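Quick caveat: nothing in here was measured; it's all calculated off a predicted structure. Residues: numbered from 1 along the sequence shown.
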Amino acid sequence: MTATQSPLTFSPYDYAIHEDPYPVYARLRDEAPVYRNDERDFWALSRYEDVSAGFRDSKRLSNSYGISLDESSWGPDAHKAGSFLAMDDPRHARLRSLVSRGFTPRRVNELTGRIGELARQHLVPALEAGEFDVVTDFAGKFPMDVISELMGVPEADRDRLRTLADTVLHRDEGVFDVPQEAMEAALYLIGYYSDMLAERRKRPSDDLTTALMNAEIDGDRLSDDDIIAFLFLMVVAGNETTTKLLANAVYWGWKNPAQLAKPLGDPARVPDWIEETLRYDTSSQMIARLATADITAHGVTIPEGARVLLLLGSANRDPRAFPEPDTYDLDRGREVTTQIASFGFGPHFCLGAHLARLEARIALTELVTRVSGYEIDEARAARVHSSNVRGFATLPVRVTKR
């Protein structure tokens, strides 16, 4: 620490971190790659090699207590809301295999045409207005519609469920646990999906909920609790992270006009836009783990029983893994797709990565084929406040149509 630098402190609940975590991440990587926060009682790993190794070391870094530091979400019952994200093998492998029988790439790909329709349903009226909020009018509604189409949620219920999902993730400044409003929202969502599943038991349909209900491996099936937990995970994690990815891509494209010109000039570059956004400013910034044994790295020992954060957002900006990591560059190539930490590594690699990329590709392609440019009203933009998800709550934009 130099004479002009403040003491190095990091907390996922700090509103300043929500606004811009990257200068702190850089200091963590250089000064304290194994960081200890005594006040909040956790450790953090920030370098790419340590984060990627941590994901793959599922025996010493366990998922069994959940993936969030929130006290109400952390513990041996975390799987009730976190589904297989809060489990270790063999239980994790069993449940993931069964869920995968219903949530297949084929089922997702079959929705491609409908995903395009849903994107246009929200985007076209917004573009006609000329000025709109990227989150409120488009990025917040579109992924919820896609998830809901998969699940079989009626259109009339979707806005309400999206508001509840937002509430589940929001954290007030100075609050280090799940707020009462978030608990109530989570209970409502679980009750909603419980009722929906009961209805499918009576009247099966051609949707993901019914597919999960019928998923079987050698006579093994998902319980109702398993299905409800997965549906809850989909609407909170899958929906929210894609919403943030879309708005982040729009924002960072605008901040880097030379890069934005590439997909605006050639929509085939949209996947590069997505991958660089996932690297540069990923929606899921950090994931918690439980140390099941002493772990020593960089001369520091994390004790058995400790809570450990794997900082995905920091790993993606590590110069040891990515050249000029603080430069937003759509020409990085395939190594970005194969190396970014955004979807994790190993047995807990994100099951929804394919859907997230497909949604983003369709949505952003629809955008760049309809506009020649846009301007963001940055003074009116506002970020969400969450302990592990980064993105915008509002992002006002004015577009120039082609």
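Proximity of a side-chain donor or acceptor of Thr210 to a complementary backbone N or O of Asp206 within less than 3.5 Å is not detected. Side-chain N or O atoms of Ser372 include one that pairs as donor or acceptor with a backbone N or O of Thr400 at under 3.5 Å. A donor-acceptor contact shorter than 3.5 Å links the side chain of Glu216 to the backbone of Gly219.
Cation-pi geometry between Arg317 and Tyr25 is not satisfied (NZ or CZ under 6.0 Å from the ring centre, within 45° of the ring normal). Relative to the six-membered ring of Tyr188, Arg160 meets both conditions, a distance below 6.0 Å and an angle of at most 45° to the axis.
Residues Leu161 and Met151 fail the side-chain proximity criterion, which asks for heavy atoms closer than 4.5 Å. In this structure, His298 and Asp50 have side chains that are in contact, with non-hydrogen atoms separated by less than 4.5 Å.
Using bins of under 30°, 30° to 60° and over 60° for the plane-to-plane angle, the ring pair His92/His348 lands in the tilted bin. Taking the six-membered ring for Trp and thresholds of 30 and 60 degrees, His385 and His18 have ring planes inclined between 30 and 60 degrees apart. Note: Phe42 and Tyr35 have tilted aromatic rings, judged against thresholds of 30 and 60 degrees for the angle between ring planes.
Sorted by first and then second residue, the salt bridge (Lys or Arg N to Asp or Glu O under 4.0 Å) pairs with a member in residues 131-143 form an empty list; sequence neighbours excluded.
A donor-acceptor contact under 3.5 angstrom links the side chains of Arg29 and Ser314, judged on distance only.
Partner Tyr251 forms a ring-ring contact (aromatic ring centres under 6.0 Å, His included) with one of Tyr328, Tyr374, Phe392 and no other, that one being Phe392.
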